[in-house]
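These notes concern the structure reproduced below.
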Amino acid sequence: MSDRKFSISMHILVLLATSLDEWISSDYLAGSMNINPVLVRKELSNLRRHGIVVSKEGKNGGSMLAKPADKILLSDIYRIVSSQTALGNSLASPNPKCPVGKQINEHLHDLNMEAEDFIIAKLSDQTLADFKKKFE
């Protein structure tokens with residue numbers, strides 16, 4: 001996965017998991033990552049849409065986890081935020097007359113699915129609470 005959505009979302013969620021019962025602002029979250037708050041709000045919106053976080057607007061607003069960190073699997077986060085496969089996207093339209101080109105996308109797709117299955121299986125063994133322990 002070449003985009004940063006998983007990394008950004010994990011950073012957000014670990015911060016929220018360490019700040020139980022507190023509303024954490026997107027500005028604070030963005031400051032922790034040294035990124036634009038718009039990127040944080042975009043990921044928060046996606047996480048909220050999937051029931052991982054809740055948010056409150058206003059002066060004392062912010063975001064917090066919607067459920068306990070031990071109920072959030074890393075594989076669920078990965079599935080929610082992944083917009084690409086682990087090994088990237090297939091070639092657009094290789095030359096069908098080429099012996100490799102006419103089959104490359106099919107074989108790359110199969111390889112991608114194997115890699116995705118491996119990643120999801122590995123992430124299914126850990127919760128957000130397990131990962132958060134690395135920061136204690």
Side-chain angles (χ1 to χ4, degrees):
M1 178 170 56
S2 63
D3 63 32
R4 302 183 310 162
K5 291 179 182 183
F6 184 75
S7 299
I8 291 170
S9 293
M10 286 297 295
H11 196 133
I12 289 168
L13 293 171
V14 170
L15 282 170
L16 296 181
T18 60
S19 305
L20 295 177
D21 300 323
E22 290 182 52
W23 295 102
I24 307 299
S25 74
S26 57
D27 287 336
Y28 176 84
L29 295 167
S32 177
M33 290 179 260
N34 283 324
I35 63 172
N36 190 308
V38 171
L39 294 172
V40 170
R41 287 191 279 276
K42 184 175 180 182
E43 293 312 312
L44 282 170
S45 175
N46 188 35
L47 294 167
R48 189 171 45 251
R49 190 169 44 256
H50 288 90
I52 304 294
V53 301
V54 291
S55 298
K56 177 173 92 169
E57 293 185 20
K59 182 180 177 185
N60 296 317
S63 296
M64 67 173 57
L65 293 179
K67 53 188 171 182
D70 64 350
K71 302 294 184 206
I72 302 171
L73 293 174
L74 298 189
S75 57
D76 293 337
I77 298 165
Y78 180 81
R79 285 184 183 114
I80 288 168
V81 303
S82 294
S83 61
Q84 298 179 0
T85 59
L87 302 178
N89 297 323
S90 60
L91 298 170
S93 54
N95 184 345
K97 294 179 183 176
C98 170
V100 172
K102 67 182 176 184
Q103 299 178 55
I104 190 73
N105 282 337
E106 176 185 345
H107 296 304
L108 285 174
H109 173 77
D110 293 345
L111 186 60
N112 260 316
M113 292 303 97
E114 289 173 23
E116 285 292 307
D117 289 346
F118 177 80
I119 290 169
I120 289 171
K122 179 67 177 166
L123 294 176
S124 293
D125 291 340
Q126 290 186 69
T127 65
L128 179 60
D130 296 329
F131 190 75
K132 180 188 138 233
K133 289 177 186 173
K134 297 177 185 288
F135 302 90
E136 297 173 351

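Hydrogens, waters and symmetry mates are skipped; everything else that's a heavy atom, side chains included, is used.
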Salt bridge (charged side-chain N to carboxylate O under 4.0 Å, His left out) partners of residues 49-77, not counting sequence neighbours, each pair once
D76-R79
When you compare the side chain of S9 with that of I80, does any pair of heavy atoms fall below 4.5 Å?
no
Let me see the working for K5 and E43 under side chain to side chain contact (heavy atoms under 4.5 Å, CB included), right down to the final yes or no.
CA-CA 7 Å; K5 291 179 182 183; E43 293 312 312; 3.4 Å; yes
Any side-chain heavy atom of Y78 within less than 4.5 Å of one from E116?
yes
Kindly compute the distance separating NZ (K133) from CD (Q126), expressed to the nearest 0.5 Å.
10.5 Å
Side chain proximity check, E22 to M64, heavy atoms < 4.5 angstrom:
no
Within the side chain of S45, is there an N or O that forms a donor-acceptor pair under 3.5 Å with the backbone of R41?
no
About how many Å separate CD of E106 and CG of L111, when rounded to the nearest 0.5 Å?
12.5 Å
Once rounded to the nearest 0.5 Å, what's the spacing between atom CG of D117 and atom OG of S124?
10.0 Å
What's the shortest heavy-atom distance between S55 and R48, and which atoms?
OG-NH1, 2.7 Å
Determine whether I12 and M33 satisfy the following criterion, side chain to side chain contact (heavy atoms under 4.5 Å, CB included), listing intermediate values before the conclusion.
CA-CA 9 Å; I12 289 168; M33 290 179 260; 3.5 Å; yes
Check whether any side-chain heavy atom of T127 lies under 4.5 Å from a side-chain heavy atom of L74, and answer yes or no.
no
Member of L16, N60, V54 meeting the side chain to side chain contact (heavy atoms under 4.5 Å, CB included) criterion with W23:
V54
Would you list the pairs meeting ring-ring contact (aromatic ring centres under 6.0 Å, His included) in which at least one residue belongs to residues 114-136, sequence neighbours left out?
F131-F135
Working for side chain to side chain contact (heavy atoms under 4.5 Å, CB included), residues S19 and I24
CA-CA 8 Å; S19 305; I24 307 299; 3.5 Å; yes
Please check if L73 and V53 belong to a single hydrophobic cluster, counting links between Ile, Leu, Val, Met, Phe, Trp and Tyr side chain heavy atoms closer than 4.5 Å.
no
Side chain of D27, backbone of P37: donor and acceptor closer than 3.5 Å?
no
Kindly work out whether a path of hydrophobic side-chain contacts (I/L/V/M/F/W/Y, heavy atoms less than 4.5 Å apart) joins L44 to L39.
yes
dist N34:CG -> H11:NE2 (nearest 0.5 Å) comes out at 9.0 Å
Minimum side-chain heavy-atom gap I35-R4 below 4.5 Å
yes
Minimum side-chain heavy-atom gap K42-V38 below 4.5 Å:
no
Distance col, row T18:OG1 vs L13:CG, nearest 0.5 angstrom, shows 10.5 Å
Non-hydrogen atoms of A66 and G51 that approach each other most closely
CB-O, 3.3 Å
When rounded to the nearest 0.5 angstrom, what distance separates CG in L65 from CG in L47?
9.5 Å
